[in-house]
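The first residue in the sequence is number 1, and the count goes up from there.
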Amino acid sequence: MGRDIIAEIITSIRNADMDRKRVVHVVSTNITENIVKILFREGFIENVRKHQEKNKNFFVLTLRHRRNGKRPYRDFLNLKRISQPGRRIYSTSERIPRILGGIGIVILSTSRGIMTDREARLEGIGGEILCYIW
């Protein structure tokens with residue numbers, strides 16, 4: 001049985017965010033590289049570095065934490081894995097869901113690569129829904 005790399009990356013980012021850690025180490029693959037680029041471009045991650053140690057490549061992600069003035073710490077990053085190895089979820093470009101009315105993003109795996117819901121709607125293509133982020 002293979003590993004679900006996307007679920008691992010989502011879980012490690014979610015756990016680090018809940019534990020208020022600023023730095024996360026993620027295994028470097030082509031899929032994770034594309035997902036990390038999307039998270040960085042959309043502003044969910046503050047900084048990304050590629051690091052190599054003992055012939056293993058991984059990304060070092062710096063998470064963005066926000067505090068609301070006098071209120072206690074509030075979780076900033078919410079991630080949810082949708083399509084899983086045992087149950088794939090596909091969508092056409094017209095049926096791609098909008099997360100919180102467009103505030104959140106959907107990451108899709110399409111025939112033209114991994115992209116956000118906005119990019120897929122502009123291109124007019126659908127694909128496999130990997131995860132929701134809000």
Side-chain angles (χ1 to χ4, degrees):
M1 181 182 270
R3 293 173 32 195
D4 188 7
I5 300 293
I6 299 169
E8 287 180 12
I9 200 174
I10 288 172
T11 303
S12 62
I13 292 172
R14 185 185 318 117
N15 288 343
D17 188 53
M18 287 172 48
D19 203 24
R20 300 179 189 167
K21 292 186 178 178
R22 295 232 354 126
V23 178
V24 181
H25 297 277
V26 175
V27 177
S28 175
T29 64
N30 290 335
I31 294 172
T32 58
E33 182 176 358
N34 291 327
I35 291 173
V36 165
K37 283 181 184 177
I38 289 173
L39 291 174
F40 180 69
R41 189 175 62 227
E42 295 290 327
F44 291 106
I45 294 176
E46 195 172 301
N47 192 11
V48 179
R49 286 184 297 134
K50 195 167 190 175
H51 190 70
Q52 183 176 2
E53 190 173 298
K54 297 181 183 176
N55 295 331
K56 291 187 180 182
N57 294 326
F58 57 92
F59 293 107
V60 179
L61 311 177
T62 305
L63 300 180
R64 177 169 292 173
H65 291 291
R66 292 196 177 157
R67 294 181 183 269
N68 292 339
K70 296 179 183 175
R71 287 194 237 159
Y73 177 80
R74 198 177 119 233
D75 287 338
F76 175 66
L77 205 54
N78 293 307
L79 300 106
K80 183 177 182 186
R81 175 81 158 118
I82 302 302
S83 187
Q84 299 171 352
R87 183 174 180 236
R88 304 288 185 187
I89 307 294
Y90 296 95
S91 177
T92 61
S93 63
E94 297 86 23
R95 297 182 144 251
I96 297 173
R98 294 185 193 278
I99 306 303
L100 295 178
I103 294 173
I105 63 170
V106 177
I107 296 181
L108 296 135
S109 176
T110 66
S111 59
R112 296 186 190 152
I114 295 178
M115 59 179 65
T116 65
D117 56 338
R118 289 180 221 117
E119 295 167 345
R121 284 191 196 97
L122 287 174
E123 297 276 336
I125 56 175
E128 180 184 354
I129 299 175
L130 297 178
C131 60
Y132 297 157
I133 302 169
W134 70 96

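- For K80, the salt bridge (Lys or Arg N to Asp or Glu O under 4.0 Å) criterion is met by no residue, not counting sequence neighbours.
- A single hydrophobic cluster is seen to contain both V48 and I114, as judged by linkage of ILVMFWY side chains at heavy-atom distances under 4.5 Å, directly or through other members.
- Under the 4.5 Å side-chain criterion, counting only non-hydrogen atoms from C-beta, P97 is in contact with I129.
- With sequence neighbours left out, the side chain to side chain donor-acceptor pair (under 3.5 Å) criterion links R98 to no other residue.
- The nearest pair of heavy atoms linking W134 to F44 is C-CE2, 4.4 Å.
- For the residue pair G126 and T110, the shortest heavy atom distance occurs at O-CG2, 3.5 Å.
- With rounding to the nearest 0.5 angstrom, the OG1 atom of T62 is 6.5 Å from the CZ atom of R22.
- Test I99, L100, I38 against I105 for side chain to side chain contact (heavy atoms under 4.5 Å, CB included) and you get one pass: I38.
- Residue pairs meeting the side chain to side chain donor-acceptor pair (under 3.5 Å) criterion with at least one member in residues 115-133, sequence neighbours excluded, are R41-E119, E42-R118, S83-E128, R88-E128, R112-E123, D117-R121.
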Candidate pair D17 and L79, rule side chain to side chain contact (heavy atoms under 4.5 Å, CB included), full reasoning: CA-CA 10 Å; D17 188 53; L79 300 106; over 6 Å; no
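- The side-chain heavy atoms of V36 and I9, taken from C-beta on, include a pair separated by under 4.5 Å.
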Report, one line per pair, each donor and acceptor closer than 3.5 Å where one atom sits in a side chain of residues 24-34; sequence neighbours left out.
residue	atom	partner	partner atom	Å
T29	OG1	T32	N	3.2
T29	OG1	T32	OG1	3.0
T32	OG1	V27	O	3.0
T32	OG1	T29	N	2.8
T32	OG1	T29	O	3.0
N34	ND2	N30	O	3.2

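- Residues satisfying the ring-ring contact (aromatic ring centres under 6.0 Å, His included) test with F59, not counting sequence neighbours, are none.
- Annotation: the span from I82 atom CD1 to S91 atom OG amounts to 11.5 Å, rounded to 0.5 Å.
- Summarising the geometry, atom NZ belonging to K50 is positioned 5.5 Å from atom CG belonging to N57; distances are rounded to the nearest 0.5 Å.
- Here CD1 of I96 is found 4.5 Å from CG of L108. Values are rounded to the nearest 0.5 Å.
- Atom CZ of F40 sits about 6.0 Å away from atom CG of N47, to the nearest 0.5 Å.
- M115 and L39 are not part of a single hydrophobic cluster, where members link through side-chain heavy atoms under 4.5 Å apart.
- With sequence neighbours left out, the side chain to side chain donor-acceptor pair (under 3.5 Å) criterion links R81 to D4.
- To the nearest 0.5 angstrom, I13 atom CD1 is 8.5 Å from I35 atom CD1.
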